[in-house]
Amino acid sequence: MPQLTRFQDLHRGERAVIVCNGPSLNQMDLSFLRHELVIGLNKIHLGMERFGFAPRYLVAVNARVVKQARAELAALTAIKFIGARAAAHLPEDAFTYHVPVLNPPVVFSRDLTVGVREGGTVTHAALQIAWYMGFTEVVIIGMDHRFTYQGAPHETRFLDGPDPNHFSADYFGNQSWDNPDLARSEASYAEARRVYEETGRRILDATLGGACQVFQKADYRQVFDVN
């Protein structure tokens, strides 16, 4: 994927905000994101108008998610990094780049042209992309890290009724989704933190009431100087 090299160190020394999709976003005034470099995930388009911001970048690696939202994702003017397993649902164009998805033993990839490891969560893929782009600090919001679901981790299930696990009831409401695997996610996050800190960078988890304990915690109101 030689075209991906254009993103290497493009944002060296800058700050990115990875906006995850947890319900905590509904408890925040996100207007401050208009002034930040935002990496949105998956179906963040469902809240963009209400939240009042648009992401610069969008990461979606799960083929099921991309298939469900392909029309809306295609319409976004954000630069989109799409997992190669979902390539059939969203062709490459001026805004859309296909990224290989790697398997073990890779846990954290430092080279976007080689690919990224999903690691149980699109957030981990976004962290690898942000590292490749040179961001010195990454602030995560909306990563509630708690889910209500039935079945085994990583199992595909049909969610009957509204979605209680994301900022929008329509996110996976009355659709199929893959159950979360929090243990795998945490193992991936631990490696992401190690790589960031080893290279003089940092990840802050500024999620409002977030349950993940892997990253350094921060109050988003202080980080972004908002009330």
Side-chain angles (χ1 to χ4, degrees), residues 1-5 7-9 16 18 20-22 39-43 57-68 80-90 92 96-135 138 140 142-147 149-157 165-166 172 176-205 207 210-216:
M1 299 290 177
Q3 67 270 28
L4 291 170
T5 58
F7 297 104
Q8 185 170 15
D9 291 328
I18 293 179
C20 301
N21 302 138
I39 301 175
L41 307 180
N42 289 346
K43 299 182 183 180
Y57 300 103
L58 186 286
V59 181
V61 291
N62 184 292
R64 189 184 314 282
V65 171
V66 175
K67 182 179 180 180
Q68 290 172 350
K80 295 175 280 288
F81 299 106
I82 303 298
R85 295 169 184 165
H89 305 305
L90 198 64
E92 287 191 303
T96 308
Y97 294 78
H98 293 161
V99 180
V101 177
L102 305 175
N103 296 313
V106 176
V107 180
F108 186 101
S109 172
R110 305 186 189 202
D111 188 345
L112 185 59
T113 66
V114 174
V116 296
R117 178 75 194 282
E118 187 171 356
T121 167
V122 65
T123 307
H124 185 57
L127 285 168
Q128 293 161 82
I129 292 169
W131 190 94
Y132 183 79
M133 290 196 288
F135 287 106
V138 175
I140 300 173
M143 188 177 70
D144 294 31
H145 203 64
R146 56 172 68 87
F147 296 86
Y149 66 95
Q150 295 182 341
H154 211 62
E155 180 183 349
T156 299
R157 305 281 291 201
N165 298 311
H166 297 87
F172 285 123
S176 295
W177 75 310
D178 296 326
N179 282 346
D181 187 339
L182 296 186
R184 184 188 298 182
S185 298
E186 290 173 4
S188 300
Y189 293 156
E191 180 64 6
R193 177 171 183 168
R194 186 191 70 79
V195 172
Y196 268 74
E197 293 182 352
E198 179 184 271
T199 53
R201 313 185 199 190
R202 70 172 181 170
I203 301 168
L204 297 177
D205 180 3
T207 299
C212 182
Q213 299 301 317
V214 175
F215 301 117
Q216 179 182 340

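At least one donor-acceptor pair under 3.5 Å links the side chain of N179 to the backbone N or O of A152. Looking only at distances, no side-chain donor or acceptor of Q68 sits under 3.5 Å from a matching main-chain atom of K43. The main-chain N or O of S109 is found under 3.5 Å from a side-chain atom of Q128 such that the two form a donor-acceptor pair. Judged by distance alone, with hydrogens and angles left aside, the side-chain atoms of D144 form no donor-acceptor pair with the main-chain N or O of R146 at under 3.5 Å. Using modelled atom types, one side-chain atom of E92 and one backbone atom of H98 make a donor-acceptor pair closer than 3.5 Å. Although no hydrogens or angles enter the test, the distance criterion places a donor-acceptor pair under 3.5 Å between the side chain of R201 and the main chain of W131. Judged by distance alone, the side chain of R85 and the main-chain N or O of A63 form no donor-acceptor pair under 3.5 Å.
In terms of the ring pair (Phe, Tyr, Trp, His ring centres under 6.0 Å) criterion, residue partners of F7 (sequence neighbours excluded) are, by chain and number, F81, Y97. D178 meets the side chain to side chain contact (heavy atoms under 4.5 Å, CB included) test with N62, R64, T156; sequence neighbours excluded. T207 pairs by the side chain to side chain donor-acceptor pair (under 3.5 Å) definition with D205, not counting sequence neighbours. With sequence neighbours left out, D181 forms a salt bridge (Lys or Arg N to Asp or Glu O under 4.0 Å) with R184. Applying the ring pair (Phe, Tyr, Trp, His ring centres under 6.0 Å) test to H124 and every residue at least two apart in sequence or in another chain returns F108.
Across V107 and S188, no two heavy atoms sit closer than the pair CG1-CA, 4.4 Å. A125 and V61 get closest at one heavy-atom pair: CB-CG1, 4.0 Å. Across every non-hydrogen atom of L58 and N42, the tightest pair is CD2-O, 3.7 Å. For the pair C212 and Y189, the tightest heavy-atom approach, listed with the atom from each and the gap, is SG-CD1, 3.9 Å. Between S185 and H145, the closest heavy-atom pair is CB-CE1, 4.3 Å. Of all heavy-atom pairs spanning L41 and A126, the tightest one is CD2-CB, 3.7 Å.
Identified under the salt bridge (Lys or Arg N to Asp or Glu O under 4.0 Å) test for residues 188-200, with sequence neighbours left out: R110-E198, E191-R194, R193-E197, R194-E198.
The aromatic rings of F147 and W177 sit tilted, their planes meeting at an angle between 30° and 60°.
Taking CG of L112 as the reference point, atom CG of L4 lies at 4.5 Å (rounded to 0.5 Å).
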